[in-house]
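Contents: one structure, followed by commentary.
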Amino acid sequence: MSNITVCARFRPLSSKERRDHGDGVCIRCIDTETFILKDEKEEDIMFSFDRVFCEKSDQAEVYEFLVLPIVRDAVNGINGTIITYGQTGAGKTYSIEGPGILECDEQKKGILPRVVDGIFEHIKPDKMAKYSIKLSMVEIYMEKIRDLFDLSKDNIQIKESKIQGILLSGATEMSIIDPAEALQSLSAGVANRAVGETQMNMASSRSHCIYIFTVQQELTGDKRVKTGKLVLVDLAGSEKVEKTGAEGRALEEAKMINKSLSSLGNVINALTCGSGRANHIPYRDSKLTRILQDALGGNSRTALLCCCSPSVFNASESLSTLRFGARAKHIKASPRVSCNEDKYAKKHEALCPDKDESCKRILNKLKASLDIEDVKLLEELFILEGILFDPYSVEELESSYEDVTLRTISSLQQAVEELVSTVEELKMENYALKARIVAAERLDALRKESCKSSNVLHKILSAFSFLNGWGQSLLSGG
């Protein structure tokens with residue numbers, strides 16, 4: 001087992017930071033692995049990571065140290081994950097994408113286009129090996145998974161397979177044959193990502209973006225298939241509302257971003273405290289942690305890039321980011337080659353001729369312990385959702401049943417929440433209606449009082465007019 005690789009990267013001061021807060025920085029690098037941060041209390045805190053990239057470090061350095069070894073492994077059937085983490089505006093998206101996916105400047109090119117080039121450089125098709133590469137791209141926005149290659153798929157479900165690990169059921173997988181095609185597809189996907197302007201960032205990411213490369217290597221000589229999955233995760237930045245000025249929709253987005261990052265922190269804490277796997281790891285608390293389950297606690301070689309601002313104004317946020325990285329450094333990973341023999345695959349294919357038949361077989365197995373209505377419910381859910389698993393595996397059966405049960409419970413909880421919300425809205429409408437009725441009754445009462453007063457006044461005026469006329473007649477008669 002090995003620890004995940006953790007690096008820190010400090011971008012240069014922005015023009016806004018220089019204008020508003022001066023040229024002061026809170027970071028002092030000692031060597032390539034160690035640096036000191038001066039916090040808001042003017043206290044020095046030392047950190048040591050696998051590598052520290054100061055403001056003069058370029059994109060190529062980050063890629064070659066942190067990412068390239070993982071790219072090589074992915075081509076050879078070992079899963080890998082690269083995660084960028086930090087406050088909003090700290091340089092995460094710039095590290096991943098550079099100025100743009102199609103940017104031609106070699107010096108500024110980001111991790112993502114370098115990964116594309118690296119994959120194609122390291123695959124060597126020949127008579128003994130054939131390769132295929134597939135690409136998916138999704139974002140987690142407001143706790144829903146959206147397909148950035150097909151915007152009609154706006155609520156993708158997460159599935160788990162004992163063989164393939166965590167899967168995004170129904171996400172578009174694009175077969176790519178050269179770097180240019182891959183970059184064009186990625187550029188189109190990036191254009192669909194949710195972004196917005198805040199006081200900290202002109203183009204702030206409002207979602208977590210996930211890029212998935214699946215590299216399959218077919219070894220014709222010994223009838224084996226190796227599959228490596230490379231995942232890049234560009235996390236949305238943590239936000240302090242008083243600094244970003246978020247309000248309205250942007251405020252709701254910030255709340256969901258911070259909530260999912262808090263869930264990620266809870267998973268990191270659970271993995272690094274106590275006896276590891278014996279503890280409950282709350283992967284299911286958010287879509288983000290569920291997708292990162294393999295990367296953080298399973299079969300993957302993982303790297304974390306902690307992106308920070310060097311400005312004294314952002315010292316507390318940088319300290320929080322670095323403490324997160326220091327805790328993540330203690331996570332153990334067990335990456336292994338994902339390799340299946342072709343004969344087994346053919347046998348498995350022969351045993352599983354039809355998904356509908358497989359579902360019926362599972363339902364028959366469950367009839368022994370479930371009521372007929374429960375079986376009908378499961379049958380409907382299987383048809384609507386589709387279940388990915390090996391029907392001959394008891395573990396897969398239990399996992400699938402648990403997955404359906406959890407989704408059903410989640411749907412019911414959501415329905416209850418919507419019902420409660422509707423009831424509250426009706427209560428408010430009822431209260432408002434009652435208030436309007438009371439106001440109308442008061443207005444009517446005032447009108448009636450006004451009418452009464454008007455009648456009395458009219459009578460007084462009539463009497464006065466009569467007396468005045470009578471008095472004048474008396475005077476004229478006299």
Side-chain angles (χ1 to χ4, degrees), residues 88 138-147 151-158 194-200 204-208 236-267 280 282-291 370-371 373-374 376-381 383-385 401-453:
T88 184
V138 300
E139 70 174 355
I140 305 174
Y141 177 74
M142 298 294 284
E143 205 54 19
K144 282 190 175 183
I145 303 174
R146 305 198 304 190
D147 191 330
L151 295 179
S152 66
K153 300 176 181 178
D154 59 358
N155 192 18
I156 293 172
Q157 300 301 309
I158 302 171
V195 296
E197 182 178 348
T198 70
Q199 293 176 12
M200 295 281 291
S204 174
S205 301
R206 313 311 294 164
S207 65
H208 307 302
S238 57
E239 297 188 13
K240 283 189 175 181
V241 177
E242 61 268 25
K243 287 189 176 182
T244 62
E247 56 184 20
R249 182 69 174 179
L251 179 59
E252 294 305 312
E253 292 169 344
K255 288 179 181 177
M256 294 304 293
I257 290 169
N258 289 341
K259 182 179 178 181
S260 63
L261 292 176
S262 177
S263 297
L264 177 58
N266 292 337
V267 167
H280 168 66
Y283 291 116
R284 292 181 181 270
D285 282 2
S286 75
K287 298 288 176 65
L288 174 63
T289 51
R290 186 77 169 115
I291 289 175
L370 294 176
D371 295 330
E373 300 205 352
D374 292 329
K376 287 181 179 178
L377 172 62
L378 284 172
E379 187 174 12
E380 291 174 4
L381 289 169
I383 293 170
L384 289 172
E385 300 289 343
Y401 176 70
E402 179 187 8
D403 192 46
V404 171
T405 303
L406 288 171
R407 284 208 307 276
T408 303
I409 292 172
S410 177
S411 298
L412 289 173
Q413 288 175 337
Q414 185 177 354
V416 169
E417 289 174 1
E418 290 175 356
L419 181 61
V420 170
S421 177
T422 302
V423 170
E424 290 298 323
E425 289 176 2
L426 289 173
K427 284 182 179 178
M428 292 298 294
E429 289 179 5
N430 187 41
Y431 177 79
L433 184 59
K434 286 182 178 179
R436 290 173 63 185
I437 291 172
V438 170
E441 288 175 346
R442 288 179 180 174
L443 185 63
D444 186 58
L446 288 172
R447 185 184 61 78
K448 288 179 179 179
E449 288 294 327
S450 177
C451 287
K452 288 181 181 179
S453 299

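Positions are given from 1, in the same order as the sequence printed here.
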Tell me every residue that passes salt bridge (charged side-chain N to carboxylate O under 4.0 Å, His left out) with K255, counting only those two or more places apart in sequence or in another chain.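 Applying salt bridge (charged side-chain N to carboxylate O under 4.0 Å, His left out) to K255 gives E252.
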In sequence, state the C-alpha distance, the side-chain angles, and the governing distance for I140 and I291, and then conclude on side chain to side chain contact (heavy atoms under 4.5 Å, CB included). CA-CA 10 Å; I140 305 174; I291 289 175; 3.9 Å; yes
Does any non-hydrogen side-chain atom of D154 lie less than 4.5 Å from one of K144?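 SC-SC contact between K144 and D154 ruled out.
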Can you list everything that forms a side chain to side chain contact (heavy atoms under 4.5 Å, CB included) with I437? Sequence neighbours excluded, please.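 Result, side chain to side chain contact (heavy atoms under 4.5 Å, CB included) vs I437: L433, E441.
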Could you list the residues that satisfy side chain to side chain contact (heavy atoms under 4.5 Å, CB included) with N430, not counting sequence neighbours?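 By the side chain to side chain contact (heavy atoms under 4.5 Å, CB included) rule, N430 matches K434.
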Yes or no on side chain to side chain contact (heavy atoms under 4.5 Å, CB included) for Q157 and N155, after CA distance, side-chain angles and deciding distance? CA-CA 6 Å; Q157 300 301 309; N155 192 18; 3.7 Å; yes
Between atom CD1 of I257 and atom CG of L288, what is the distance when rounded to the nearest 0.5 Å?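 One finds 11.0 Å between CD1 of I257 and CG of L288.
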From CG (D285) to CG (L264), nearest 0.5 Å: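 One finds 11.5 Å between CG of D285 and CG of L264.
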Where Y283 and V267 come nearest, the two heavy atoms and their spacing: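 For Y283 versus V267, the nearest heavy atoms are CE2-CG1, 3.7 Å.
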Using every non-hydrogen atom in the two residues, find where S260 and H208 come nearest and quote the distance to one decimal.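 Shortest heavy-atom separation between S260 and H208 comes out as OG-NE2, 2.7 Å.
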Qualifying residues under side-chain hydrogen bond (donor to acceptor under 3.5 Å, both in side chains), relative to S263, sequence neighbours excluded: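 Not a single residue meets the side-chain hydrogen bond (donor to acceptor under 3.5 Å, both in side chains) criterion with S263.
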With sequence neighbours left out, write down each residue that passes side-chain hydrogen bond (donor to acceptor under 3.5 Å, both in side chains) with K153, or none if nothing qualifies.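 Result, side-chain hydrogen bond (donor to acceptor under 3.5 Å, both in side chains) vs K153: T172.
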Checking M256 against Y141 for the side chain to side chain contact (heavy atoms under 4.5 Å, CB included) test, could you report, in this order, the C-alpha distance in whole Å, the side-chain angles of both residues, the deciding distance, and whether it holds? CA-CA 8 Å; M256 294 304 293; Y141 177 74; over 6 Å; no
Using modelled atom types and a 3.5 Å cut-off, is there a donor and acceptor pairing between side-chain atoms of E143 and backbone atoms of K287?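 Such a contact is found between E143 side chain and K287 backbone.
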